[in-house]
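In what follows, a structure is listed as structure tokens, so that the remarks can point back to it.
Every chain is numbered from 1 and lettered A, B, ... according to where its sequence line falls, protein lines coming before strand lines.
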Amino acid sequence: MHDIRFIRDYPEAFDAALAKRGLAPLATDITSLDSQRRALQTEIQALQSRRNEASKEIGMRKGKGEDADDLIQEVADIKAKAPELEAQEAELAQTLMGHLMSLPNILDDSVPQGSDEEDNALVRTVGTLPKFSFTPQDHVTLGENLGQMDFANGAKLAGARFVVLHDQLARLERALASFMLDTHTSEFGYRETLPPAIVNTKTMTGTGQLPKFAEDLYAVEEDKWLIPTSEVPLTNLASDSILDADSLPLRMTAYTPCFRAEAGSAGRDTRGMIRQHQFSKVEMVSITKPEDSDAELERMTNCAETILQRLGLAYRVMKLCSGDTGFSAQQTYDIEVWLPGQDEGRGMYREISSCSNC
RNA sequence: GGAGAGGUGGCAGAGCGGUUGAAUGCACCGGUCUUGAAAACCGGCAUGGGUUUAUAGCCCAUCGAGGGUUCGAAUCCCUCCCUCUCCGCCA
């Protein structure tokens, strides 16, 4: 959610930022709403102030056994007038809040202009592409032939885009998670954390999933949602609290299941395990001072890259363009690993990790 | 799920309809004293918002959350959430 004070102070910069996202300017509308709201608030507070003052005096007069009917009448008049003003104020506040929550984050200056993933900028390529004397098969064929990756049973148990893993593949996931957690905790200073996989609406709103992206989420019951990433609980650990600057940066890593209804991506990447409704992920979250956040983003990206290097995988780092950068992010690096079996065995880079400054 | 107890400042803990944003203790910050430290003593010490050149004042809100009663609510009433104790049910 945007800070109204930034828009008040730098309306031009805010509109320029919206333009970069391909959105029409709104700063004038927003600041006008804001100043109306504040004027109303001042008026209401003056009324409340008078009411408080009168009530105190009533107490004092009654204590002395004096009459206070005139003041009681005055307070009654204030109370008759206040609700209308309060309702107006609440409506303005809600409209304002709606704007602040539904607009995407301001993009960093370094984000390249562009409309979709075609315009993302290559930052670096690392590792050498493996060569094969045969045509590599993709993970679906390999996994099914091994009898360890079972999409049919995934569909039977739950529906499309679920999988059942057995034996070495199930074990592989566990081993990878351990490897990543151990590396991040013992070498990179992250704190291992195991948060709830179900959170309430307030928490989902705290990281921007709600109110905009409800259709991408699984709702379990009233006010309970399955997390689409452990970023949600991890980041909200710091919500509603004022952090001691000395305790920063706060670095956390977690291995959790993630659940995504993915309504928006139907028909795309439907084959195999690339986009599943349920998947597991080792997440890293760093909470830093704003001025340190760019350096932290580089550090975090490096932590993620280290994992791939040690696994001997070839990858590239892409800086997402303005059109491809997510709603909450100021800038994002995608790390794409070379998957030889993709594209009919010709191989291609696929995103396996994404690091953002939010 | 049922019965009971409770949720107050960084922590502990009073207050239970009025001038209480909140006693007291601890912690913390500043000062006096001391060669230095401790102790003792003195002073300060919640958060968010509005107004404002202002981290000065002034004002509003906040004692788990949301409603209500009242001229006035931390204090009374209702709903919800959470914690603790006991009982039940279940993996």
Measure the distance from CG on A:N52 to P on B:rU20 and round it to the nearest whole Å.
14 Å
Choose from B:rG18, B:rU19, B:rC60 the nucleotide whose nearest atom is closest to any side-chain atom of A:K62.
B:rG18
I'd like the C1' distance from B:rG64 over to B:rU70, given in whole Å.
23 Å
In this structure, how many angstroms lie between the P atom of B:rA61 and the CD atom of A:E43, rounded?
16 Å
How far does the P atom of B:rG9 sit from the matching atom of B:rA5, given to the nearest Å?
22 Å
Counting Watson-Crick and G-U wobble pairs only, both distances under 3.5 Å, name the nucleotide matched with B:rU32, or none.
B:rA40
Pairing of A:D70 and A:R61 as salt bridge, 4.0 angstrom limit
yes
Please determine if a side-chain N or O atom of A:K79 lies less than 4.0 Å away from the OP1 or OP2 oxygen of B:rG72.
yes
Both distances under 3.5 Å, Watson-Crick or G-U wobble: report the partner of B:rC86, or none.
B:rG2
Using atom CG of A:L40 as one end and atom P of B:rG50 as the other, report the distance to the nearest whole Å.
14 Å
Would you say a side-chain N or O of A:R8 is under 4.0 Å from OP1 or OP2 of B:rG50?
yes
How close or far is atom P of B:rG49 from atom CZ of A:R38, stated in whole angstroms?
12 Å
Give the rounded distance in Å between these two atoms: CG of A:L85 and P of B:rG50.
18 Å
Pick the C1' atom in B:rU8 and in B:rG2, then give their distance to the nearest Å.
29 Å
Both A:M60 and A:I4 contact RNA chain B. Taking the nearest nucleotide for each, which residue is further toward the 5' end?
A:M60
When you compare B:rC45 with B:rA27, how far apart are their C1' atoms, in angstrom units rounded to a whole number?
11 Å
Membership question, hydrophobic clusters at under 4.5 Å side-chain separation (ILVMFWY): are A:V140 and A:M348 in the same one?
no
Select base, sugar-phosphate, or nothing to describe what A:R5 touches, counting heavy atoms under 4.0 Å on all strands.
sugar-phosphate
Scanning all shown strands, the Watson-Crick or wobble mate of B:rA56 with both distances under 3.5 Å is none
Over 12 foreign heavy atoms within 6.0 Å of CZ, A:R171
no
Using the P atom on both, measure B:rU19 against B:rA73 and round to a whole Å.
11 Å
Taking 4.0 angstrom as the limit, do A:K81 and A:E43 come out as a salt bridge?
no
Tell me the partner of B:rU75, counting only Watson-Crick (N1-N3 plus N6-O4 or O6-N4) or G-U wobble (N1-O2 and O6-N3) with both under 3.5 Å; none if nothing fits.
none
Under the 3.5 Å rule, do the base of B:rG49 and the side chain of A:Q41 count as making a donor-acceptor pair?
no
In whole Å, I'd like the distance from the CD atom of A:Q48 to the C1' atom of B:rA73.
15 Å
Heavy-atom closest pair, residues A:C303 and A:H184:
O-CE1, 3.9 Å
Determine the interatomic distance between C1' on B:rG88 and the same-named atom on B:rA3; round to the nearest Å.
11 Å
Can you list, in residue-number order, the parts of residues 69-76 of chain A that come under 4.0 Å of RNA chain B, counting heavy atoms only?
A:I72, A:V75
Going by the angle between their ring planes, with limits at 30° and 60°, are A:F162 and A:H277 parallel, tilted or perpendicular?
tilted
Let me know the distance between CG of A:L47 and C1' of B:rC71, rounded to the nearest Å.
15 Å
Using atom C1' in both nucleotides, what's the gap between B:rG7 and B:rG43 to the nearest angstrom?
33 Å
Ionic contact status for A:R350 with A:E336, cut-off 4.0 Å
no
Below the 4.0 Å mark, does B:rG50 have OP1 or OP2 next to a side-chain nitrogen or oxygen of A:T42?
no
Salt bridge check: are A:R271 and A:D138 linked by an N-O gap of less than 4.0 Å?
yes
Base paired to B:rA14 (Watson-Crick or G-U; both N/O distances under 3.5 angstrom):
none
With both distances under 3.5 Å as the test, what is the Watson-Crick or G-U wobble partner of B:rU69?
none
Against the side chain of A:Q45, the closest entry in B:rG50, B:rU19, B:rG18 is B:rG50
Rounded to whole angstrom, note down the C1' distance from B:rC58 over to B:rG15.
28 Å
If the threshold is 4.0 Å, N to carboxylate O, is there a salt bridge linking A:E305 and A:R316?
no
Checking N1-N3 plus N6-O4 or O6-N4 for Watson-Crick, or N1-O2 and O6-N3 for wobble, each under 3.5 Å, the partner of B:rG21 is none
Between A:K56 and A:E53, does any side-chain N to carboxylate O distance fall below 4.0 Å?
no
To the nearest Å, give me how far apart CD (A:E86) and C1' (B:rA61) are.
11 Å
